[in-house]
Number of protein chains: 2
Amino acid sequence: MKTTAYQQAFILHFGEMGSRWGINRTIGQIYALLYISPRPLNAEQITEALGISRSNTSMAMKELSAWQLVRVQHLPDDRRDYFTAPDDVWEIFRTLVAERRRREIEPTASMLRGALVAPPEQGDDAHAARKLAEMLELIELVTGWLDDVSDMDQRTATQLMKLGGGVQKLLGAGRRKKETPRA
Amino acid sequence: MKTTAYQQAFILHFGEMGSRWGINRTIGQIYALLYISPRPLNAEQITEALGISRSNTSMAMKELSAWQLVRVQHLPDDRRDYFTAPDDVWEIFRTLVAERRRREIEPTASMLRGALVAPPEQGDDAHAARKLAEMLELIELVTGWLDDVSDMDQRTATQLMKLGGGVQKLLGAGRRKKETPRA
DNA sequence: CAGTCTTTTCAGTAATTATTGAAATTATAC
DNA sequence: GTATAATTTCAATAATTACTGAAAAGACTG
């Protein structure tokens, strides 16, 4: 596997952004490589294309599998694992949202629910409990909404997003704060 | 500043989640502390409450300010800086979305735009360019939508989110994939 | 089941990120 | 101006996370 300069730029960018996205450089690069690759790649090809160790590739693939961001497939008369990223960006997006929700939000929601089972009623703890309740309410509102959007097919979701602020008209309210028409 | 066991649990959780959220433990803890505190706190109080160094507090406040997640205020006859988190969770949420967008998505969108100025038209690079274009299209759709939602007032946004999948009826489409009614 | 190919594990090391303490800077008071 | 309080900077160190190489484990072949 050799990569062109054009591909390199994209792969290196994903590597650099990796740390901001909570994944490491290797994982970012591998995902970028798979995403633009027109064919499935095996671990050896990935290792060679990125100049990393075989074991690093193995660990990264495990992590990407845990995120459900890659698929494994096999070719006839070849027992190596071949990896692909899903073709459809919308599907990738849904997976990302679901996984980030599970890892970054759900543990907190769960902790908040626990803390609110028997909320203190006096003093600063009571104030804290009210703030926790506000946070949980917002989390549940937003995650519920994300679930709903994830269940939509791409066409509907696209239509909804393009509607943008115009959705307020449909809601029948004159509460618009700022006019932001979209295509 | 002393914290109760009830407050501690929340603060420690935010510290632990910090690494998943792309901030460090100290920043997570400080934000949790400020969020539930019924009054503004100065750096010394934060330092004492969390058992960290004064310089660590200073650097963390700088970072939180960069995220626009805290406000500084002053008390009469006291020249120390007092910090608060915004009262309104909705406002905090909007800030988080805006900042994450700016740091985690915008650089990539910008790179993609650059790569698509003169997209290659042959071979694997052409395939890569098509995938880049798909990614950019999705990013622009989603970030545009986030902008629109951010511009809504809380009441409208809440109404919209509670509507959930029901929004499809308003769109006049029978393309519902799965029925998920919400309060 | 011995041999070969492939993948995984993991201890050690490298690289990165977080935290501290001391010194420097800034701001205010006298 | 000097003294004092508050905050920031930054080099050193601690802690964490990423990566490698070697060895082990697993999977298939003949």
Side-chain angles (χ1 to χ4, degrees), chain A residues 1 11-12 14-34 40-67 69-84 103-104, chain B residues 1 11-12 14-34 40-67 69-84 103-104:
Chain A
M1 263 299 293
I11 291 167
L12 292 178
F14 262 55
E16 283 160 19
M17 294 300 289
S19 54
R20 296 201 199 185
W21 295 336
I23 57 175
N24 63 40
R25 185 169 24 135
T26 300
I27 293 177
Q29 290 186 350
I30 291 179
Y31 201 70
L33 175 62
L34 289 177
L41 299 177
N42 65 42
E44 192 53 39
Q45 294 172 314
I46 294 169
T47 297
E48 192 204 336
L50 303 180
I52 58 178
S53 72
R54 180 62 184 79
S55 54
N56 196 3
T57 301
S58 176
M59 292 193 303
M61 297 325 295
K62 192 173 157 189
E63 184 72 9
L64 281 169
S65 300
W67 275 83
L69 282 171
V70 294
R71 306 270 164 74
V72 183
Q73 55 182 234
H74 291 93
L75 304 183
D77 295 320
D78 186 338
R79 61 205 233 208
R80 289 168 293 182
D81 291 341
Y82 280 79
F83 300 94
T84 56
R103 293 155 189 252
E104 301 181 8
Chain B
M1 263 299 293
I11 291 167
L12 292 178
F14 262 55
E16 283 159 19
M17 293 301 289
S19 55
R20 296 200 199 188
W21 296 335
I23 58 175
N24 62 40
R25 183 169 25 138
T26 300
I27 293 177
Q29 291 185 349
I30 291 179
Y31 201 71
L33 175 63
L34 288 178
L41 300 177
N42 64 43
E44 192 54 38
Q45 293 172 314
I46 294 169
T47 297
E48 192 204 337
L50 303 181
I52 58 177
S53 72
R54 180 62 185 77
S55 55
N56 195 4
T57 301
S58 176
M59 291 195 302
M61 298 323 295
K62 193 173 155 190
E63 185 71 8
L64 281 169
S65 300
W67 274 84
L69 282 172
V70 294
R71 306 271 163 75
V72 183
Q73 55 182 232
H74 292 93
L75 304 183
D77 295 320
D78 186 340
R79 61 204 235 210
R80 288 168 294 183
D81 291 341
Y82 280 78
F83 300 94
T84 56
R103 293 155 190 253
E104 301 181 8

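Chain A is the first sequence line, chain B the second, and so forth, proteins listed ahead of strands; every chain is numbered from 1. These numbers were taken from a predicted model, which means no experiment stands behind them.
- Between A:Ile23 atom CD1 and D:dT17 atom C1' there is a gap of 14 Å when expressed in whole angstrom units.
- Here A:Lys62 reaches the OP1 or OP2 of C:dT9: one of its side-chain N or O atoms lies under 4.0 Å away.
- In this view, B:Arg79 satisfies the side chain to side chain donor-acceptor pair (under 3.5 Å) rule with no residue, not counting sequence neighbours.
- For the side chain to side chain donor-acceptor pair (under 3.5 Å) test, no residue two or more places apart in sequence or in another chain qualifies with B:Asn24.
- A:Arg80 is linked by a salt bridge (Lys or Arg N to Asp or Glu O under 4.0 Å) to A:Asp78, counting only residues two or more places apart in sequence or in another chain.
- One interatomic measurement links the two molecules: CH2 of A:Trp21 to C1' of D:dT17, which rounds to 19 Å at whole-angstrom precision.
- Near DNA chain C, meaning a heavy atom under 4.0 Å away, the residues from residues 44-56 of chain B are B:Ile52, B:Ser53, B:Ser55, B:Asn56.
- Here B:Met61 lies out of heavy-atom contact (under 4.0 Å) with every strand.
- Rounding to the nearest 0.5 Å places CG of A:Leu34 at 5.0 Å from CE of A:Met61.
- Under the side chain to side chain donor-acceptor pair (under 3.5 Å) criterion, A:Arg71 pairs with A:Glu91, sequence neighbours left out.
- At a non-hydrogen distance threshold of 4.0 Å, nothing from residues 24-31 of chain A comes into contact with DNA chain C.
- Between the CZ atom of A:Arg20 and the P atom of D:dT17 there is a distance of 19 Å, given to the nearest Å.
- Residues passing the side chain to side chain contact (heavy atoms under 4.5 Å, CB included) test with B:Ser65, sequence neighbours excluded: B:Val70.
- Distance, B:Asn42 CG to D:dA5 P: 15 Å, rounded to whole Å.
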The contact string for nucleotides 25-30 of chain D, one letter per nucleotide 5' to 3', using protein heavy atoms under 4.0 Å with B, S and - for base, sugar-phosphate only and none, comes out as --B---
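- Legend: residues meeting salt bridge (Lys or Arg N to Asp or Glu O under 4.0 Å) with A:Glu44, ordered by chain and number and at least two apart, are absent.
- In this view, A:Arg20 satisfies the salt bridge (Lys or Arg N to Asp or Glu O under 4.0 Å) rule with no residue, not counting sequence neighbours.
- Spacing between atom CD of A:Glu63 and atom C1' of C:dT8 amounts to 15 Å, rounded to whole angstrom units.
- Heavy atoms of other residues, nucleotides or ligands lying less than 6.0 angstrom from CZ of A:Arg54 number more than 12.
- Distance CE (A:Met59) to C1' (C:dA14): 13 Å, rounded to an integer number of Å.
- For the pair B:His74 NE2 and C:dT28 P, the interatomic distance rounds to 8 Å; values are reported in whole Å.
- Atom-to-atom, CD of B:Glu16 to P of D:dT17 comes out at 12 Å; the value is rounded to the nearest Å.
- Contacts of B:Glu104 classified as salt bridge (Lys or Arg N to Asp or Glu O under 4.0 Å), with partners at least two apart in sequence or in another chain: A:Arg100, B:Arg100.
- With sequence neighbours excluded, the residues satisfying side chain to side chain donor-acceptor pair (under 3.5 Å) with B:Thr26 are B:Asn56.
- Note on A:Asp81: only backbone sugar-phosphate atoms sit closer than 4.0 angstrom, heavy atoms only; bases stay farther off.
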